[in-house]
Undergrad: 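Pasting a structure below so you can have a look.
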Amino acid sequence: MRVNVNNVNLMISAVRRVQYPNTRMPEIALAGRSNVGKSSMINKVLNRKKLARVSGTPGKTITINFYNVDNKLMLVDLPGYGYAARSKKEVEAWGNMINEYLESRPQLCQVVQLVDSRHIPSQEDIAMQAWIQECCAYSVVFATKCDKLSKTQLQKNLDMIIETLSLREGDILIPFSVKQNESVNSFWEYVEGCVLEEELPEKE
């Protein structure tokens, strides 16, 4: 593994652009519906139990969290979308926060979308995927909680995700479970093969 996951820290939790860390590391942003498992995934791939706060209540992540991985990579946890229990004003504020990051961050090299492998992707998932396809060279989707499905059902649901999100040839869809160590290997194989080899644009 090219990065040392024992050298990790939460650099900052930001709500606006002026608070983003002044770094040159490539950034991978994790986007997904509330309670899809982003925090659990971060803890799993970084070999931590409580680095990212995990809650059974959706909508707990209300900041953009920047995790410095070995001074080589930044994992960026975006607030979950699609949580209806929040007020319209809160949802709008969160949307603006996410859009500001996605549209203004030159260090961002890929938005990785997380979807729940057990369910058909939501309209919010479809909208996020449309943005990714417009702005990224290819799409990367991790289907979480796949250990809760049989192999036959998982394959059926993966096909459903491909169709619903209109994934194209060259896009990447990877099953992920916090209970399976091979999921961690799959994540880092993607990162090291497709992200750490890329060059960042010159800083503005």
Side-chain angles (χ1 to χ4, degrees), residues 1-32 36-55 60-80 97-98 100-115 128 132 135-147 171-204:
M1 185 176 293
R2 188 171 300 180
V3 297
N4 178 11
V5 295
N6 293 316
N7 183 23
V8 177
N9 66 283
L10 173 60
M11 179 169 282
I12 194 169
S13 295
V15 295
R16 54 186 182 274
R17 185 177 179 179
V18 69
Q19 297 173 322
Y20 299 166
N22 183 23
T23 65
R24 284 276 297 146
M25 288 179 281
E27 295 181 2
I28 300 174
L30 303 181
V36 74
K38 289 189 284 85
S39 296
S40 294
M41 180 179 185
I42 289 171
N43 287 334
K44 182 66 175 179
V45 301
L46 297 180
N47 195 29
R48 297 292 195 278
K49 291 185 177 181
K50 297 181 180 180
L51 182 64
R53 182 179 177 185
V54 178
S55 173
K60 283 296 185 180
T61 302
I62 57 175
T63 56
I64 300 175
N65 297 325
F66 292 80
Y67 295 92
N68 179 351
V69 185
D70 200 26
N71 295 316
K72 295 179 180 178
L73 171 73
M74 196 80 74
L75 288 184
V76 183
D77 184 15
L78 300 177
M97 186 196 314
I98 294 172
E100 182 179 42
Y101 169 78
L102 294 176
E103 295 175 1
S104 68
R105 191 67 169 163
Q107 293 92 329
L108 176 63
C109 57
Q110 183 68 44
V111 179
V112 171
Q113 185 176 22
L114 277 64
V115 297
M128 173 57 73
I132 294 172
C135 299
C136 299
Y138 57 89
S139 297
V140 181
V141 179
F142 279 82
T144 63
K145 307 180 183 183
C146 65
D147 59 285
D171 291 339
I172 300 172
L173 175 60
I174 302 174
F176 188 91
S177 168
V178 295
K179 295 183 179 180
Q180 299 171 351
N181 290 330
E182 55 263 34
S183 293
V184 177
N185 295 333
S186 296
F187 178 85
W188 287 114
E189 285 173 3
Y190 156 68
V191 170
E192 294 175 2
C194 299
V195 176
L196 295 183
E197 297 297 332
E198 297 180 3
E199 292 185 5
L200 287 174
E202 290 298 320
K203 194 172 183 179
E204 295 178 349

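Nothing here was measured: the structure is a model prediction, and the numbers come from that model. Values reported hereafter were calculated over all heavy atoms of this structure, with side chains retained and with hydrogens, waters and symmetry mates removed.
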Undergrad: With sequence neighbours left out, what residues match Ser139 under side-chain hydrogen bond (donor to acceptor under 3.5 Å, both in side chains)?
TA: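 Applying side-chain hydrogen bond (donor to acceptor under 3.5 Å, both in side chains) to Ser139 gives Gln129, Arg168.
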
Undergrad: Ignoring hydrogens and geometry, is there a side-chain-to-backbone donor-acceptor pair from Thr63 to Ala14 under 3.5 Å?
TA: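 Not at all, since once roles are kept as given, no pair shorter than 3.5 Å links the two residues.
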
Undergrad: To the nearest 0.5 Å, what is the distance between CD1 (Ile64) and CG (Leu102)?
TA: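 These two atoms lie 7.5 Å from each other.
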
Undergrad: Closest heavy-atom contact between Cys146 and Ala143?
TA: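 Shortest heavy-atom separation between Cys146 and Ala143 comes out as CB-O, 4.1 Å.
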
Undergrad: Taking everything shown except Arg16 itself, do over 12 heavy atoms lie less than 6.0 Å from its CZ?
TA: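 It does not: Arg16 CZ has 12 such atoms or fewer within range.
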
Undergrad: Working note: Met74 + Tyr20, criterion side chain to side chain contact (heavy atoms under 4.5 Å, CB included); need CA distance, chi angles, decisive distance, verdict.
TA: CA-CA 11 Å; Met74 196 80 74; Tyr20 299 166; over 6 Å; no

Undergrad: Side chains of Val36 and Lys145, heavy atoms from C-beta outward: is any pair under 4.5 Å?
TA: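 Not in contact.
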
Undergrad: Quick check for you: to the nearest 0.5 Å, what is the distance between Gln113 atom CD and Ile172 atom CD1?
TA: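 Spacing of CD (Gln113) from CD1 (Ile172) equals 13.5 Å.
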
Undergrad: Can you list the steps and then say if Leu108 with Tyr101 is a side chain to side chain contact (heavy atoms under 4.5 Å, CB included)?
TA: CA-CA 9 Å; Leu108 176 63; Tyr101 169 78; 3.6 Å; yes

Undergrad: Specify the closest pair of heavy atoms between Lys179 and Asp147, including all atoms of both residues, with the distance to one decimal.
TA: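 Closest approach of Lys179 to Asp147: CD-OD2, 3.5 Å.
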
Undergrad: Taking atom CG of Asn6 and atom CG of Asp70, what is their separation to the nearest 0.5 Å?
TA: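 Going from CG on Asn6 over to CG on Asp70, the span is 9.0 Å.
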
Undergrad: Please check this pair: side chain of Ser183 against backbone of Ser177, looking for a donor-acceptor N/O pair closer than 3.5 Å.
TA: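 Yes, the answer is positive, given that a donor and an acceptor are paired below the 3.5 Å cut-off.
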
Undergrad: Tell me the closest heavy-atom pair linking Val184 and Val45, and the distance in Å.
TA: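 Of all heavy-atom pairs spanning Val184 and Val45, the closest is CG1-CA, 4.2 Å.
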
Undergrad: Taking Asn9's backbone N and O only, do any of them form a donor-acceptor pair with Asn68's side chain (distance below 3.5 Å, no angle check)?
TA: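 No; zero donor-acceptor contacts below 3.5 Å.
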
Undergrad: Looking only at non-hydrogen atoms, find the nearest pair between Lys38 and Gly80 and report the distance.
TA: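 Here Lys38 and Gly80 meet closest at NZ-N, 4.0 Å.
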
Undergrad: Can a donor-acceptor pair be found, under 3.5 Å and without considering hydrogens, that links the side chain of Asn65 to the backbone of Ser13?
TA: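 Not confirmed, Asn65 side chain does not pair with Ser13 backbone.
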
Undergrad: Would you compute the distance between atom CG of Asn7 and atom CG of Leu46 and round it to the nearest 0.5 angstrom?
TA: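 One gets 11.0 Å once the value is rounded to the nearest 0.5 Å.
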
Undergrad: If you compare all heavy atoms of Leu73 against all heavy atoms of Pro26, which two are closest, and at what distance to 0.1 Å?
TA: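 Residues Leu73 and Pro26, closest heavy atoms: CD1-O, 3.5 Å.
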
Undergrad: Under the 3.5 angstrom rule, does the side chain of Arg48 hit a backbone N or O of Val5 as a donor-acceptor pair?
TA: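 Yes; judged by distance alone, with no hydrogens or angles, the pair exists.
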
Undergrad: With a 4.5 Å limit on heavy-atom distance, are the side chains of Val69 and Leu75 in contact?
TA: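 Contact flag for Val69/Leu75 side chains = yes.
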
Undergrad: What do the steps show when you test Phe176 against Leu114 for side chain to side chain contact (heavy atoms under 4.5 Å, CB included), and what is the final call?
TA: CA-CA 9 Å; Phe176 188 91; Leu114 277 64; over 6 Å; no

Undergrad: Measure the spacing between CE of Met128 and CG of Leu78 and express it to the nearest 0.5 Å.
TA: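 Answer for the CE-CG pair, Met128 versus Leu78, is 7.0 Å.
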
Undergrad: Over all heavy atoms of both residues, which pair between Gln19 and Ile12 is shortest? Give the atoms and the distance, please.
TA: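 So the minimum-distance heavy-atom pair works out to O-CD1, 3.2 Å.
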
Undergrad: Between Val76 and Arg105, does a side chain to side chain contact (heavy atoms under 4.5 Å, CB included) hold up when you go through it step by step?
TA: CA-CA 11 Å; Val76 183; Arg105 191 67 169 163; over 6 Å; no

Undergrad: Nearest 0.5 angstrom please: Ile174 CD1 to Phe142 CZ, how far?
TA: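 Between atom CD1 of Ile174 and atom CZ of Phe142 there are 3.5 Å.
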
